[in-house]
Every structure is written in structure tokens, then in C-alpha cells.
Engineer: 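If you scroll down you'll find the structure; I have some questions about it.
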There are 2 protein chains.
Amino acid sequence: MPASPLFRRIDVAPAYQKVAEAIEREIVSGRIKPGDPIGTEHELVRQFGVNRSTVREGIRVLEEGGLLRRDSSRRLQACLPRYNKLATRLSRALVLHEVTFRELFEASMTLEVASTESAVERATEEDIAELAGNLARSEQVIADPAALAECDADFHVLMAKASHNRVLQLAREPAAQLFFPTTEMIVSHVPQGASRLIEAHRHLLEAIRRRDKAAGAQWIRRHLQDWRRGFERVASLDRSVEHMYMEHAKAVRRK
Amino acid sequence: MPASPLFRRIDVAPAYQKVAEAIEREIVSGRIKPGDPIGTEHELVRQFGVNRSTVREGIRVLEEGGLLRRDSSRRLQACLPRYNKLATRLSRALVLHEVTFRELFEASMTLEVASTESAVERATEEDIAELAGNLARSEQVIADPAALAECDADFHVLMAKASHNRVLQLAREPAAQLFFPTTEMIVSHVPQGASRLIEAHRHLLEAIRRRDKAAGAQWIRRHLQDWRRGFERVASLDRSVEHMYMEHAKAVRRK
DNA sequence: CAAATCTACTTTGTCCGACAAACCGATAAA
DNA sequence: TTTATCGGTTTGTCGGACAAAGTAGATTTG
């Protein structure tokens with residue numbers, strides 16, 4: 001145990017980091033609210049007394065962290081980090097760690113069941129209406145695997161929203177981003193895949209309407225098992241998530 | 001539906017983003033392995049044909065995303081994004097969204113139970129040894145709430161590691177980072193809090209040793225319920241996580 | 001009077017060149 | 001063998017510059 005120190009640890013962080021930290025502090029502490037303008041780069045230069053290049057490096061850090069964005073006219077403003085954007089980073093990390101589909105499946109089984117059970121308990125009328133709207137759209141695009149896969153992903157996002165638990169919502173997102181891109185592949189390879197998917201969604205919605213937790217849990221499990229069986233027709237569960245993800249990322253980038 | 005287009009959508013992303021994306025592609029695709037050097041800024045300037053300021057902005061983006069780091073001599077190298085670092089961003093996001101302890105508790109109940117059940121099934125001898133080591137340390141610091149709280153957080157991290165499911169490991173981390181900082185407070189306010197905590201850990205370890213899934217699930221639930229009861233003595237579950245987190249963050253920064 | 005257009009100013013994205021401090025490697029000195 | 005010294009790199013920061021795009025106010029037009 002050292003004696004009480006004479007000197008405080010000196011802060012050797014580079015200037016751009018200090019700029020980023022200073023702005024971050026203001027936002028996290030709530031002194032700057034989401035949507036508030038941060039001021040122009042020139043103003044920040046004046047306030048911090050550093051060069052514009054330095055300010056810009058700090059800004060990039062915060063932009064990437066999701067605390068800052070540029071509005072339509074590219075002026076800076078504070079913002080609430082969107083789960084979705086952060087989840088993308090996490091998904092990428094999972095890919096790099098060469099996570100397998102088995103891990104993804106197991107985790108999703110837990111997360112989606114929890115999300116469903118909460119949704120059954122807490123879904124509001126609006127939540128139900130959104131889910132119903134999604135279901136209707138799904139039925140229209142039943143013959144288009146890509147569109148149906150997108151509907152499926154949305155359905156589960158809506159379900160997580162209906163759980164009214166943002167932690168759960170956030171926790172499931174990275175796995176879902178890797179999990180659901182495979183849906184298109186499965187739906188187009190497995191006969192009856194599309195109709196079974198929609199049937200499961202219909203029963204899930206019905207369970208929510210009746211506040212029947214057991215039915216909800218049962219149908220989400222069945223839905224995921226369907227995915228698993230479908231997936232195993234095409235590839236091994238122990239394959240790393242890497243390839244699928246790469247292809248999907250490419251497709252998204254084209255949009 | 002548009003006719004097949006004559007021209008491809010031109011890419012108007014700013015140069016620093018393209019630099020970041022180009023490097024990201026190389027890393028995510030595996031052509032650059034974690035640990036590989038990226039080359040000096042000057043080299044990147046040459047390769048991309050843009051200014052150094054531009055390159056540096058791109059580098060900041062990737063550094064923040066965890067794909068790039070600077071080694072001891074500040075040279076750039078690729079790296080695997082650590083869950084922990086990303087989880088910190090997520091935790092911050094949860095704070096900004098004013099998540100409540102109730103949400104945190106419910107999600108953790110799901111995530112920790114799943115993590116425990118997997119650990120019971122799959123923990124290796126090394127996992128068990130690590131958990132046992134942690135338990136021994138806990139018993140030594142039973143009178144020191146801060147140290148005990150740290151042990152508790154570590155215990156659950158080790159448990160997640162023992163689950164051998166990296167998706168689960170990642171999914172629980174953000175919640176845990178917000179959840180466990182309160183442990184110190186609870187342990188020091190609730191008589192028997194420390195001993196109950198250690199008893200729960202002991203039973204959890206025992207359940208893993210005996211591969212007794214039901215016992216594992218039961219004890220982790222009990223452990224979390226203990227937390228909840230303790231917490232409710234001090235504050236309301238419906239309080240936003242914000243204040244606690246802010247104080248904890250300050251404490252960590254001082255370290 | 002309202003709408004459209006033009007013009008002057010601001011802001012961002014990028015570039016150039018520069019320099020001190022830190023770091024690396026190798027050689028010289030103890 | 002260890003320590004000290006000395007160039008050569010590399011990073012972090014700086015100042016200034018300019019084109020493109022956006023903004024807002026003034027001006028023209030219907």
C-alpha cells in the first residue's frame with residue numbers, strides 16, 4: 001500500500017481523446033440532450049483550443065460510438081446510440097470470433113423465448129396491431145423468400161419491442177442479426193418452409209392476444225426448431241457463422 | 001419495379017469512411033489476421049492516395065470499433081474486438097435510454113439462468129478450478145464489500161465462460177456490467193448479504209461439479225432473488241439505472 | 001404579395017506542409 | 001555487458017488552404 005501520493009497521476013491521453021471524452025461526458029451526464037446541436041467544428045476548435053484536425057478525430061470516435069451524428073445538413077448533434085447500430089458491431093465481433101450456428105441457435109432459443117414470454121404478458125394494442133400488420137405482409141410475400149425472410153426478422157424485432165424490456169431487446173439483437181439472414185436460404189430450400197413460418201407467426205400472435213404464455217413459449221420453440229431442422233438440411237450447425245454473414249453483409253451494402 | 005439499371009449507384013461516402021471500410025473488409029474477411037501489422041500511416045497514405053488527415057480519421061473509426069489497435073510502440077495492428085469493450089458501449093447506451101433495474105433484473109434472470117445451465121452441462125476441469133479459485137478468494141474478502149462485489153462479478157463472468165457459448169457470454173455482458181456494480185451497495189447494507197452470496201456461489205459450484213442442472217438453475221434464481229430483495233431495501237426497481245452507473249463509472253475511472 | 005432565383009456566407013471534407021515528442025535501431029563508451 | 005548517444009521513423013498536433021455543398025438573405029419575377 002503506497003503512502004498517500006503527493007502527485008496526481010498525470011493524464012497523458014492524446015488531445016483528440018480528451019475532446020471525445022469531454023463531449024461524451026456532457027452527453028452521458030445529460031447536460032446535452034439527444035438532438036441538441038453540438039456546434040460547428042470551428043466553434044469546438046475555439047472552445048477546446050486545439051486544431052480542427054484534432055477536433056475532427058475526436059468527432060469520428062463519438063460518431064462511431066453512436067453518441068454523435070450529423071443531421072441532414074451535416075451539422076453535429078447529440079443522439080441516443082441506436083441498439084441496431086451497436087448490435088452490428090457486436091455481430092461483426094461474433095463473426096470474427098468464429099462463433100458457430102450452434103451457439104447462435106442455443107442463445108437465440110433462450111433469448112427469443114424470454115422475449116416472447118414478456119411480449120405475451122405486456123404487449124399493448126399497438127404492439128399487437130404492428131405484429132398483425134407484419135403477418136399480413138408476410139402472407140402477401142409468401143412466394144418471395146427474400147421478402148419473407150425480412151418480414152420474419154421484423155416480426156421478431158417487433159416481438160422484442162412488445163416485451164417492453166429494452167435490455168432483452170438489446171441482448172437478442174446481435175444474435176438475431178446473424179441468425180435471421182439464413183432464413184431466406186432455408187425458406188427457399190425447404191418445402192413448406194414458408195407456410196410453416198407463417199403458421200408459427202400466426203400462433204404466436206394468437207398466443208399474445210389470448211395472453212397465453214405457455215402457448216407462446218411452445219410456438220416460439222417450435223418455430224426455432226423448424227429453423228434448426230431446415231438449417232441442418234443445408235449445412236452443419238457447427239459451421240462458423242462467417243460465410244453466411246459475409247454474403248449477407250454484401251447484400252445489405254448493395255441496398 | 002425499375003428496369004435493369006444501366007448504371008451502378010455511385011458511392012458518395014466520404015474518403016475517410018472508404019478508408020475505414022477498405023481496412024475493415026480486409027480484417028473481417030480474414031485476409032488480415034488479428035495481430036498483423038497494418039503499416040504506418042504514411043504507407044496507408046501511399047496506398048489509398050489520400051491525405052494523412054483523412055487516413056487518420058478512418059483509423060479512429062476502426063480503433064473505436066475495436067478492429068484496430070496500436071501496439072506498445074503505437075504502430076497499427078488488427079485485433080479481435082473484445083466483448084468487454086463493446087459491452088461497455090452497450091451499457092452506456094442502456095444508461096442513456098434510462099433503462100430501469102426491473103428490466104435489468106428480468107433480463108439477467110433469463111441470461112444468467114441460461115448461462116448457468118450451459119455451464120453445468122459443459123464446464124471443463126479448468127473452468128471448475130477457476131470458479132473454485134474465485135470462491136476461495138471471495139471467502140477471504142468476505143468482510144470487504146468492494147472486493148467481494150468484484151469477486152461476484154468475476155464469478156458470473158467465469159460462469160458465462162464455462163457455458164462455452166460465446167453468444168450468451170456476449171449477450172449477458174452489458175446487463176451484467178450495470179447489474180453487478182450494485183452488489184457492493186447491497187452487500188454492505190444487508191446483514192447476511194455477504195454470507196448468502198458466498199453460499200449461493202458455493203452451491204452453484206457444487207451443482208456444476210455434480211452436473212446437476214436443476215440445482216444450478218435453482219441456486220442462480222435464488223442468488224438473483226437475493227439481489228433483488230437486497231436492492232429493494234435500498235431503492236426502487238423502477239428507478240433508472242443512470243445514477244448508480246454514473247457513480248460506478250467515476251469510481252472505475254479513478255483506478 | 002407569393003414564389004422562384006440569385007448571391008454571399010458558412011461549414012464540411014480534403015489536402016499540403018511543418019514540427020516536436022516518442023520510439024526504434026545501431027553504434028560508441030564505460 | 002550494460003549504458004549512453006545519435007540519427008531516422010512515426011505519431012500527434014498544428015496552421016493554413018480550397019472546392020463542394022448547404023444556408024440564408026436579397027432580388028427578381030409572376
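Order of the sequence lines sets the chain letters (A, B, ...), proteins ahead of strands, with each chain counted from 1.
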Engineer: Can you check nucleotides 11-18 of chain C for protein contacts, nitrogen or oxygen pairs under 3.5 Å, and list what you find?
Structural biologist:
unit_1	atom_1	unit_2	atom_2	d
dT12(C)	OP2	E41(A)	N	3.2
dG13(C)	OP2	R56(A)	NH1	3.1
dG13(C)	OP2	R60(A)	NH2	3.3
dG13(C)	OP2	R70(A)	NH1	3.3
dG13(C)	N7	R52(A)	NH2	3.3
dG13(C)	O6	R52(A)	NH2	2.7
dT14(C)	OP1	A15(B)	N	2.1
dT14(C)	O4	R52(A)	NH2	3.0
dC15(C)	OP2	N51(B)	N	2.7
dC15(C)	OP2	T54(B)	OG1	2.8
dA18(C)	N6	R52(B)	NH2	3.4

Engineer: Among all residues two or more places apart in sequence or in another chain, which pass the salt bridge (charged side-chain N to carboxylate O under 4.0 Å, His left out) test with R89(B)?
Structural biologist: E64(B)

Engineer: Atom CD1 of I59(A) and atom C1' of dT13(D): how far apart are they, to the nearest Å?
Structural biologist: 16 Å

Engineer: Would you check if the side chain of S29(A) reaches a backbone N or O of R25(A) as a donor-acceptor pair within less than 3.5 Å?
Structural biologist: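 Side chain of S29(A) to backbone of R25(A): a pair is present.
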
Engineer: Can you tell me the distance, in whole Å, between the CZ atom of F48(A) and the C1' atom of dC14(D)?
Structural biologist: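 Nearest whole value for this atom pair: 17 Å.
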
Engineer: Taking the side chain as every heavy atom from C-beta outward, state whether L44(B) and I59(B) have any atom pair closer than 4.5 Å.
Structural biologist: yes

Engineer: So which of L90(B), T88(B), L170(B) actually passes side-chain contact (heavy atoms from CB on, under 4.5 Å) with Y83(B)?
Structural biologist: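 Testing Y83(B) for a side-chain contact (heavy atoms from CB on, under 4.5 Å) against L90(B), T88(B), L170(B) leaves exactly one candidate, L170(B).
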
Engineer: Does F179(B) have its ring centroid less than 6.0 Å away from the ring centroid of H156(B)?
Structural biologist: no

